[in-house]
Protein chains: 2
Amino acid sequence: MEAVKPTFQLYEKKFKALADEKRLEIMYELCQRGKTCVCDLMEIFGVSQSKLSYHLKILLDANLIEKETKGTWNYYDINEKEVNNLLSEELCCIFRKVENKAGNNSCC
Amino acid sequence: MEAVKPTFQLYEKKFKALADEKRLEIMYELCQRGKTCVCDLMEIFGVSQSKLSYHLKILLDANLIEKETKGTWNYYDINEKEVNNLLSEELCCIFRKVENKAGNNSCC
DNA sequence: CTTATATATCAATTTTTTTTGATTTAACAA
DNA sequence: TTGTTAAATCAAAAAAAATTGATATATAAG
């Protein structure tokens, strides 16, 4: 009996989203800061609004980050569960929220 | 004291290499078969020689696979250590050599 | 209602990546 | 040496992704 060949479309999408230094920095910043609105991210990265929106959408579509709307503000945060399912412990430690780092994890 | 911001260039490169369904399939096939020469991969994927070479080079440059030359043949294989350092256990199981799957791993 | 603010979306352009076919390199066999 | 095979590399073309500036949408405030 042969193992069924997995379909990699979904992973392609997720890795594409991660395949950009700017987006990795966004992910890292979201971990460090938790829920952050677009305007703050704009300041942090000194990047135009539409460009930032574009990159956030790619991460969002890959389900690596989450969005919460409050009035006119949109707050983004890391989707830690999804990241943990995808990346190694070592890497998850980079993309793990500050408050969770000191805990009972084997790594970090 | 603030955490030093990691540089993500290296990860960008690795994720770029993974951000392609064809290359993920190559990785999977290498796990299933172990050391495999380019000509066999050409048959398996029904893809042109130069195209395959191109994709193998990207994976090789990202250090996700390894190359061994014997005469005119080049054999490629997964770089399991590197993959384990990068990806979650769940994903490593997809990209783990058949002979290592039945063992004492917590997953698979 | 009018205005202002936050953010998403769109269309055109630029940049990057991928594909293709041809050429090159290197090892081997006759 | 000559011919053959495996595989890398190159240059041009095609396709995909990113950037830019403008516009649209939606909420909130006056």
Side-chain angles (χ1 to χ4, degrees), chain A residues 8-30 33-79, chain B residues 8-30 33-79:
Chain A
F8 291 114
Q9 280 177 22
L10 185 65
Y11 291 117
E12 173 181 315
K13 185 168 192 176
K14 287 177 191 298
F15 288 130
K16 270 210 172 102
L18 292 171
D20 180 285
E21 200 178 1
K22 218 165 295 154
R23 291 196 288 267
L24 290 171
E25 281 170 6
I26 290 172
M27 300 262 298
Y28 178 73
E29 205 63 32
L30 292 180
R33 308 170 51 94
K35 284 182 192 175
T36 309
C37 70
V38 179
C39 53
D40 284 348
L41 291 172
M42 270 175 68
E43 277 199 16
I44 292 165
F45 293 110
V47 81
S48 77
Q49 186 267 314
S50 70
K51 189 195 269 192
L52 188 54
S53 246
Y54 169 78
H55 287 294
L56 287 170
K57 189 173 187 339
I58 286 173
L59 288 169
L60 190 66
D61 288 348
N63 200 28
L64 296 170
I65 62 174
E66 290 169 329
K67 176 161 91 164
E68 189 184 335
T69 301
K70 281 187 183 170
T72 27
W73 282 265
N74 281 359
Y75 293 89
Y76 286 90
D77 204 348
I78 200 103
N79 182 346
Chain B
F8 291 114
Q9 280 177 22
L10 184 65
Y11 292 117
E12 173 180 315
K13 185 168 190 175
K14 288 177 191 297
F15 288 130
K16 269 210 173 101
L18 292 171
D20 181 285
E21 200 179 359
K22 219 166 293 156
R23 291 195 289 267
L24 291 171
E25 281 171 7
I26 291 173
M27 300 262 298
Y28 178 75
E29 205 63 32
L30 291 179
R33 307 170 50 94
K35 283 182 192 175
T36 309
C37 70
V38 179
C39 53
D40 283 348
L41 290 172
M42 271 175 67
E43 278 198 16
I44 291 165
F45 293 111
V47 80
S48 77
Q49 187 266 316
S50 70
K51 188 195 269 193
L52 188 54
S53 246
Y54 168 79
H55 287 294
L56 287 169
K57 189 172 187 338
I58 286 173
L59 288 169
L60 190 67
D61 287 348
N63 200 28
L64 297 170
I65 62 174
E66 291 170 328
K67 176 162 90 165
E68 190 184 335
T69 300
K70 281 188 183 170
T72 28
W73 282 264
N74 280 359
Y75 293 88
Y76 285 89
D77 204 348
I78 201 102
N79 183 345

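Lettering follows sequence order; numbering is per chain, from 1.
Among the nucleotides D:dT27, D:dA18, D:dA8, the one closest to any side-chain atom of A:T72 is D:dT27.
Rounded to an integer number of Å, the gap from OH of A:Y54 to P of D:dG21 is 16 Å. Rounding to whole angstrom units, CH2 of residue A:W73 and C1' of D:dT25 are separated by 16 Å. One atom, CZ of B:F15, and another, P of D:dA17, lie 18 Å apart when rounded to the nearest Å. Taking atom CG of B:D20 as the reference point, atom P of D:dA15 lies 16 Å away to the nearest angstrom. Rounded to an integer number of Å, the gap from B:E12 CD to D:dA17 P is 15 Å. The interatomic distance linking B:Y76 (OH) with D:dA6 (C1') rounds to 11 Å, in whole Å. For the pair A:L59 CG and D:dA17 P, the interatomic distance rounds to 15 Å; values are reported in whole Å. Between the CG atom of A:N74 and the P atom of D:dT27 there is a distance of 11 Å, rounded to whole Å.
For the residue pair B:K13 and B:A62, the shortest heavy atom distance occurs at O-CB, 4.1 Å. Looking at every heavy atom in both residues, A:I65 comes nearest to A:L56 through CD1-O, 3.6 Å.
Note on B:Y75: nothing from the nucleic acid sits closer than 4.0 angstrom, heavy atoms only. At the heavy-atom level, B:K70 lies nowhere under 4.0 Å from the strands shown. Using a 4.0 Å heavy-atom cutoff across all strands shown, B:I58 reaches sugar-phosphate atoms only and no base atom. Across all strands shown, B:L56 has no heavy atoms under 4.0 Å from either base or sugar-phosphate atoms.
Along DNA chain D, the nucleotide closest to B:C39 and the one closest to A:S50 are compared, and the more 5′ of them pairs with B:C39.
Taking CG of A:L64 as the start and NZ of A:K14 as the end, the distance is 5.5 Å to the nearest 0.5 Å. A distance of 6.0 Å separates CZ in B:F8 from CG in A:L24, rounded to the nearest 0.5 Å. Between B:Y11 atom OH and A:Y28 atom OH the span is 12.0 Å, to the nearest 0.5 Å.
In 5' to 3' order, the nucleotides of DNA chain C bounding all contacts with chain A (an atom under 4.0 Å from a heavy atom) are C:dT5 to C:dT9.
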Check: residues 66-74 of chain A side-chain donor-acceptor pairs under 3.5 Å, at least two apart:
| residue | atom | partner | partner atom | Å |
| --- | --- | --- | --- | --- |
| A:E68 | OE1 | A:K35 | NZ | 2.7 |
| A:T69 | OG1 | A:N74 | OD1 | 2.9 |

Which donor-acceptor pairs under 3.5 Å do side chains of residues 38-55 of chain A form with protein atoms, sequence neighbours excluded?
| residue | atom | partner | partner atom | Å |
| --- | --- | --- | --- | --- |
| A:S48 | OG | A:K51 | N | 3.3 |
| A:H55 | ND1 | A:R23 | NH1 | 3.0 |

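The base of D:dA8 lies close enough to the side chain of B:Q49 for a donor and an acceptor atom to sit less than 3.5 Å apart.
Between B:K57 and the phosphate of D:dA8, there is no side-chain N or O to OP1/OP2 separation shorter than 4.0 Å.
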